[in-house]
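Working notes, structure below.
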Amino acid sequence: MSEHSSESTTLDESHPAAEEVQSGSEESAMAQESPKNSAAEIPVTSNGQLEDSHEHSFNRDLKCSLPVGLGLSETKITSRGFDSAKEGVVEAGQFPSKGGRAQQKSGPVLLADEVKNPAMEKLELVRKWSLNTYKCTRQIISEKLGRGSRTVDLELEAQIDILRDNKKKYENILRLAQTLSTQLFQMVHTQRQLGDAFADLSLKSLELHEEFGYNADTQKLLAKNGETLLGAINFFIASVNTLVNKTIEDTLLTVKQYESARIEYDAYRTDLEELNLGPRDANTLPKIEQSQQLFQVHKEKYDKMRNDVSIKLKFLEENKVKVLHNQLVLFHNAIAAYFAGNQKQLEQTLKQFHIKLKTPGADAPSWLEEQ
C-alpha cells in the first residue's frame, strides 16, 4: 500500500512538470515568429494606448488561430448546434450587432469598370458631334474662301445641276397649270349659270323661245365640255405635282445627304494630309493612325452615298420620261378636242387615261353637315 501511494504521488507530481514543459515549448515556438507579425497585431489608438475593444480581441484571437498564409477575408466559420439541423455561416468582416444577429449582404457584386454612366455617354456623343461640326464648318469656310480643296465628280455634279434646273421649270409649269385650272373652273361655273338664265327666259319669252333655247343648250354643252377638260387638267396637275414634290424631292434629299458626306470626307481628308506633312514621332503617330481610321470611315460613307445618288438619278430619269410623256399627250389631246368642239374625242381622251369625272355636287356637304 505504501508503495502504491508513493507511486501515485510521484505521478501526480510529474504531471504538472510535463504541462510546464509543453507550455515552455509553445512559448519558444511563438518567440521564433517574426516580430513584425506580432507588432502588426497590436492596435494603437491616436493617443498611443492599446485598444482593448471586443471586436479587436475577436479579430486578434481568430487571426492567431488561422494557419499561416490564410487571410482573414478568406475564412468562414461554420457552427452547428447539437439540437438543430441548421447551419450558420459568418462571413469574414461581418460581426454580430448589438442585437446578436449577424449583418449579411446578398446580391451580385458589380465592378466599377462594368458600370456605364449615361451622362458620360451623352457627353461623349456631344463631344464627337461638336468636333465633327467644327471640322465640317471649317471645310465649308475654306472652300468658300478658295483655300480648301474640294472633291468633285464632274459627271454626277452635272446631272444634279440639270435635275435642280428641271425642278424649277416643272414647278413653273405646275403653277401655270393650276392657274389655268382655276380660270377654267370659273368660266365653266359662269357658263353653267348663263345657260340656266337662257333656259329660264326661253320659257318666259314666247316670242324668243327658240333663240334663248339655242343659247341655253350651247352654254350647257360648253360647260359640260369644260368640266371634262377640267378633269384632264387636274389629272395632269396631280401627276406632275407627284413627280416634282415627291419623286424629285426624294432624290434631292439623297443628294443633300451625299453633299454632307462629301464635306465630311474632305474635312477628314484635309486633317490627314496636314498630319502627314508634319513630324512623325511618338506623339503624332497615334494621331495619324486615328485620323487614318476616321478618314477611311468617311470615305466609305462618301462612296456609298455617291453610288446611291447615281442609282436614284438613273431611275428618276426613266420614271420622269414615262410620266411626262403620258401627261403631255393627255394635255395636248384634251385641249385640242375641247377647242375644236369635238366632244366625242374629248371623252375618248379621258377614257384612254382612265380618268373618271366627279359628279357635280358630289363633294358638297349634306344639309346636316352645314347645320
Side-chain angles (χ1 to χ4, degrees), residues 110-171 243-320:
L110 297 178
L111 298 178
D113 295 339
E114 296 178 357
V115 179
K116 294 183 178 180
N117 192 345
M120 295 301 295
E121 292 181 354
K122 291 182 180 179
L123 185 62
E124 181 64 19
L125 291 176
V126 171
R127 188 189 68 83
K128 291 181 179 179
W129 175 82
S130 302
L131 182 61
N132 185 74
T133 304
Y134 165 74
K135 291 179 181 294
C136 294
T137 304
R138 185 183 64 177
Q139 177 66 26
I140 293 173
I141 295 175
S142 299
E143 291 178 3
K144 289 184 177 181
L145 295 177
R147 299 176 182 176
S149 60
R150 178 176 181 270
T151 303
V152 179
D153 188 330
L154 295 177
E155 182 179 358
L156 190 62
E157 293 291 338
Q159 293 177 1
I160 293 174
D161 290 340
I162 292 174
L163 175 62
R164 285 175 172 159
D165 185 61
N166 286 337
K167 183 175 182 291
K168 293 179 181 179
K169 294 178 180 179
Y170 296 155
E171 287 174 344
L243 175 65
V244 173
N245 294 322
K246 291 186 178 180
T247 309
I248 296 180
E249 189 63 31
D250 178 70
T251 304
L252 289 177
L253 179 61
T254 307
V255 170
K256 291 180 180 179
Q257 295 174 354
Y258 156 75
E259 291 176 344
S260 298
R262 198 274 308 164
I263 293 174
E264 291 180 352
Y265 164 72
D266 283 337
Y268 285 91
R269 176 183 56 80
T270 303
D271 280 353
L272 182 59
E273 291 175 354
E274 292 177 354
L275 289 173
N276 286 328
L277 293 175
R280 291 177 174 268
D281 51 24
N283 294 329
T284 58
L285 285 178
K287 295 180 180 180
I288 294 175
E289 183 178 357
Q290 183 182 10
S291 180
Q292 178 68 36
Q293 294 176 356
L294 293 174
F295 166 75
Q296 188 63 30
V297 170
H298 288 87
K299 183 179 183 302
E300 293 176 358
K301 180 181 178 181
Y302 167 72
D303 292 338
K304 179 181 180 300
M305 293 307 304
R306 181 175 57 182
N307 185 52
D308 291 346
V309 171
S310 299
I311 294 174
K312 281 202 170 186
L313 286 174
K314 179 181 178 181
F315 283 113
L316 174 63
E317 186 65 22
E318 296 175 357
N319 187 29
K320 181 194 70 175

Exercise. Please report the C-alpha distance between E300 and K304 in whole Å, then the side-chain angles of each, then the deciding distance to 0.1 Å, and finally whether the salt bridge (Lys or Arg N to Asp or Glu O under 4.0 Å) criterion is met.
Key: CA-CA 6 Å; E300 293 176 358; K304 179 181 180 300; over 6 Å; no

Quiz item: Does the pair D281 and T284 meet the rule for a side chain to side chain donor-acceptor pair (under 3.5 Å), with working shown?
Solution: CA-CA 5 Å; D281 51 24; T284 58; 2.8 Å; yes

Exercise. Would you sort out whether T270 and R138 count as a side chain to side chain donor-acceptor pair (under 3.5 Å), showing the intermediate values?
Key: CA-CA 10 Å; T270 303; R138 185 183 64 177; over 6 Å; no

Exercise. Decide yes or no on side chain to side chain donor-acceptor pair (under 3.5 Å) for T254 and K312, but give the supporting numbers first.
Key: CA-CA 8 Å; T254 307; K312 281 202 170 186; 3.0 Å; yes

Self-check item: Steps toward salt bridge (Lys or Arg N to Asp or Glu O under 4.0 Å) verdict (D250, K246)
Solution: CA-CA 6 Å; D250 178 70; K246 291 186 178 180; over 6 Å; no

Quiz prompt | Test salt bridge (Lys or Arg N to Asp or Glu O under 4.0 Å) applied to K299 and D303, step by step | solution = CA-CA 6 Å; K299 183 179 183 302; D303 292 338; 3.2 Å; yes

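Between R164 and E259, at least one side-chain N (NZ, or NE/NH1/NH2) sits under 4.0 Å from a carboxylate O, which counts as a salt bridge.
Looking only at side-chain heavy atoms (C-beta outward), T151 and Y265 come within less than 4.5 Å of each other. Side-chain contact between L313 and I160: present, with at least one pair of heavy atoms (C-beta onward) separated by less than 4.5 Å. Within the 4.5 Å cutoff, side-chain heavy atoms of Y258 are placed close to those of L156.
Rounded to the nearest 0.5 angstrom, T251 OG1 and L163 CG are separated by 6.5 Å. Between the CD atom of E157 and the CD1 atom of I162 there is a distance of 12.0 Å, given to the nearest 0.5 Å. Here L277 contributes atom CG and E274 contributes atom CD; the two are 8.0 Å apart, rounded to the nearest 0.5 Å. Atom CD of Q159 is separated from atom CG of L154 by 11.5 Å, given to the nearest 0.5 angstrom.
Heavy atoms of other residues, nucleotides or ligands lying less than 6.0 angstrom from CD of Q290 number 12 at most. For E155, the CD atom is loosely surrounded, since the number of other residues' heavy atoms within 6.0 Å does not exceed 12.
For D266 (side chain) and R150 (main-chain N/O), no donor-acceptor pair under 3.5 Å exists by modelled atom type. Using a distance-only test at 3.5 Å, with no hydrogens or angles considered, no donor-acceptor pair links the side chain of S291 to the main chain of K287.
Between Y170 and K320 the shortest heavy-atom distance is OH-CD, 3.3 Å. For the pair I288 and L272, the tightest heavy-atom approach, listed with the atom from each and the gap, is O-CD1, 4.0 Å. Closest approach of Y302 and R262 over heavy atoms only: CE1-CG, 3.4 Å. Residues V244 and K167 approach most closely at O-CE, 3.9 Å, considering heavy atoms.
Taking the salt bridge (Lys or Arg N to Asp or Glu O under 4.0 Å) definition, one finds that K314 meets it with nothing, sequence neighbours left out.
For the side-chain contact (heavy atoms from CB on, under 4.5 Å) with I248, the lone residue among N319, L316, L253 that qualifies is L316.
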